[in-house]
Amino acid sequence: MNLKFARTEIEQKPKKAELAKIEASVEKEESVIFYFDRDNSHKDLLELQGHFEEKGKSFYMSEVKYGLSDNEYMYQVHIVN
């Protein structure tokens with residue numbers, strides 16, 4: 001699973017998201033929201049969903065559009081303990 005966080009600048013490359021860091025954030029907080037880049041494959045995000053649902057967490061994912069173009073979107077992932 002090779003995930004990337006959402007870009008903060010349009011010209012920037014997305015930063016890699018490590019599963020261990022994501023898990024640590026989820027364990028610290030009751031509810032966590034992450035934004036992932038559009039370059040992530042839907043398959044990888046579904047693997048992430050399966051990973052957290054196996055651990056008994058609730059997982060919600062949606063697309064967030066931030067512009068008028070079709071490729072101006074990111075994925076919002078909300079994980080709840």
Side-chain angles (χ1 to χ4, degrees):
M1 179 177 346
N2 186 16
L3 296 170
K4 299 171 192 143
F5 286 119
R7 306 162 203 242
T8 54
E9 298 290 328
I10 292 177
E11 301 300 320
Q12 246 181 2
K13 289 187 177 183
K15 295 179 182 177
K16 291 185 180 181
E18 295 179 18
L19 184 58
K21 288 184 180 180
I22 294 171
E23 284 181 335
S25 295
V26 170
E27 293 304 319
K28 285 182 190 175
E29 304 291 328
E30 187 69 27
S31 172
V32 182
I33 297 175
F34 296 102
Y35 293 93
F36 292 101
D37 199 73
R38 67 178 182 264
D39 288 348
N40 290 302
S41 73
H42 195 70
K43 180 182 174 184
D44 284 343
L45 289 166
L46 291 177
E47 282 182 36
L48 183 68
Q49 179 177 5
H51 175 79
F52 282 105
E53 285 180 346
E54 284 177 6
K55 293 184 173 217
K57 314 281 189 227
S58 296
F59 188 99
Y60 305 97
M61 180 174 57
S62 61
E63 277 187 14
V64 177
K65 290 209 164 259
Y66 57 86
L68 297 176
S69 178
D70 285 342
N71 68 344
E72 292 179 336
Y73 68 94
M74 64 182 93
Y75 295 100
Q76 178 186 27
V77 170
H78 187 185
I79 303 170
V80 181
N81 283 329

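The first residue in the sequence is number 1, and the count goes up from there.
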(request) Provide the full list of salt bridge (charged side-chain N to carboxylate O under 4.0 Å, His left out) pairs with a residue in residues 58-81, sequence neighbours left out, each pair given once. (result) none

(request) Can you run down the ring-ring contact (aromatic ring centres under 6.0 Å, His included) pairs that involve residues 62-81, sequence neighbours left out, and say none if there aren't any? (result) Tyr73-Tyr75

(request) Evaluate the criterion side chain to side chain contact (heavy atoms under 4.5 Å, CB included) for residue pair Ile33 and Val77; output intermediate values, then yes/no. (result) CA-CA 6 Å; Ile33 297 175; Val77 170; over 6 Å; no

(request) Would you indicate whether the side-chain heavy atoms of Met1 and Glu47 approach each other to under 4.5 Å? (result) yes

(request) Please name all residues satisfying side chain to side chain donor-acceptor pair (under 3.5 Å) with Asn2, sequence neighbours left out, ordered by chain then number. (result) none

(request) With rounding to the nearest 0.5 Å, note down the distance linking CD in Glu53 to CG in Leu46. (result) 9.5 Å

(message) Filter on salt bridge (charged side-chain N to carboxylate O under 4.0 Å, His left out), then keep only pairs touching residues 19-29, sequence neighbours left out; what's left?
(response) Glu23-Lys55, Glu27-Lys57

(request) Hey, could you give me each pair passing ring-ring contact (aromatic ring centres under 6.0 Å, His included) that has a residue in residues 22-57? Not counting sequence neighbours. (result) Phe5-Phe36

(request) Name all residues meeting the side chain to side chain contact (heavy atoms under 4.5 Å, CB included) criterion together with Gln12; count only those two or more places apart in sequence or in a different chain, and write none if there are none. (result) Thr8, Glu9

(message) Under the rule for side chain to side chain donor-acceptor pair (under 3.5 Å), what residues qualify as partners of Asp37, not counting sequence neighbours?
(response) Arg7

(message) Just to verify, what does Ser25 make a side chain to side chain donor-acceptor pair (under 3.5 Å) with, not counting sequence neighbours?
(response) none

(request) State, yes or no, whether a side-chain contact exists between Asp39 and Pro14 at a heavy-atom distance under 4.5 Å. (result) yes

(request) Taking all non-hydrogen atoms of both residues into account, name the closest pair between Arg38 and Asn71 and its distance. (result) CD-O, 2.9 Å

(request) List the atom of Phe59, the atom of Leu45, and the distance in Å for their closest heavy-atom pair. (result) CZ-O, 4.1 Å

(request) List, by chain and then residue number, the residues other than Val80 in its hydrophobic cluster (Ile/Leu/Val/Met/Phe/Trp/Tyr, side-chain heavy atoms under 4.5 Å); write none if there are no others. (result) Tyr60

(message) Can you tell me how far apart CG (Asn40) and CG (Leu48) are? Round to the nearest 0.5 Å.
(response) 9.5 Å

(message) List the residues meeting side chain to side chain contact (heavy atoms under 4.5 Å, CB included) with Lys13, not counting sequence neighbours, and say none if there are none.
(response) none

